[in-house]
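What you are looking at is a predicted structure, and each value in this text was computed from that prediction instead of being measured.
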Amino acid sequence: MLDLVLSFLILTGAAFTFVGSLGLARLRDFYTRLHGPTKATTLGVGCLLIASSLHFSFKAALSLHEVLVTLFLFMTAPVSAHLLAKAALHLRLRSLAPPPDPDGPPRDPA
């Protein structure tokens, strides 16, 4: 049963990591490229680290190194993505999306 769980986690992690890498290489502007490594790859590396932790916990003593790395990854990836996006906005990098209307959306008079 452990081998099935580990295989599922490794395959899922590899798939997420591949999709995140593909998104980083194929998407056309900075803002859309930012989603590849921060969303899919975070889940992929998290699955791989959890699989490693489970494997080594059943082979020897409880392995918490991978759990700590996973927690660190899940806490720092959104923060770094936010800071990169804020820096891109500050530098006024162009996006593929049209700029928002300065007047905002039409308001309902009611």
Side-chain angles (χ1 to χ4, degrees):
M1 185 67 182
L2 177 64
D3 289 339
L4 289 175
V5 171
L6 292 177
S7 299
F8 174 75
L9 285 171
I10 290 170
L11 290 175
T12 304
F16 273 117
T17 304
F18 177 71
V19 169
S21 304
L22 193 63
L24 181 63
R26 298 284 299 173
L27 295 173
R28 296 186 295 179
D29 72 337
F30 177 80
Y31 299 105
T32 55
R33 281 186 187 156
L34 194 58
H35 287 285
T38 57
K39 306 294 185 274
T41 308
T42 302
L43 290 173
V45 172
C47 285
L48 292 172
L49 286 169
I50 290 170
S52 175
S53 178
L54 286 174
H55 174 72
F56 288 113
S57 291
F58 281 97
K59 296 290 181 186
L62 185 63
S63 176
L64 293 177
H65 294 97
E66 292 89 351
V67 175
L68 293 174
V69 171
T70 304
L71 289 174
F72 181 75
L73 177 72
F74 285 163
M75 286 188 297
T76 57
V79 174
S80 63
H82 177 74
L83 291 175
L84 284 169
K86 292 286 278 187
L89 286 172
H90 180 73
L91 293 174
R92 298 176 193 255
L93 288 180
R94 293 192 186 261
S95 174
L96 294 175
D101 186 17
D103 297 328
R107 294 187 178 165
D108 188 19

Minimum side-chain heavy-atom gap [X]-[Y] below 4.5 Å:
X	Y	value
F56	E66	yes
L9	L48	no
L4	F8	no

Can you measure from [atom1] ([X]) to [atom2] ([Y]) and round to the nearest 0.5 angstrom?
X	Y	atom1	atom2	answer
L6	C47	CG	SG	12.0 Å
M75	T42	CE	OG1	13.0 Å
L89	L84	CG	CG	11.0 Å

Ignoring hydrogens and geometry, is there a side-chain-to-backbone donor-acceptor pair from S53 to L49 under 3.5 Å? no

What are the two closest heavy atoms between [X] and [Y], and how far apart are they?
X	Y	result
A51	I10	CB-CG1, 3.9 Å
F16	A40	CB-O, 3.3 Å
L27	R33	O-NE, 2.8 Å
L34	A85	CD2-CB, 3.8 Å
F74	G46	CZ-CA, 4.1 Å

Can you pull the side-chain hydrogen bond (donor to acceptor under 3.5 Å, both in side chains) pairs that have at least one residue in residues 75-92, sequence neighbours excluded? none

With a cut-off of 6.0 Å (strictly less than), are more than 12 heavy atoms of other residues, nucleotides or ligands near CZ of F18? no

Do L73 and L64 share a hydrophobic cluster, counting only Ile, Leu, Val, Met, Phe, Trp and Tyr and linking them when any side-chain heavy atoms are less than 4.5 Å apart? no

L83 reachable from F30 in the ILVMFWY side-chain graph, under 4.5 Å edges: no

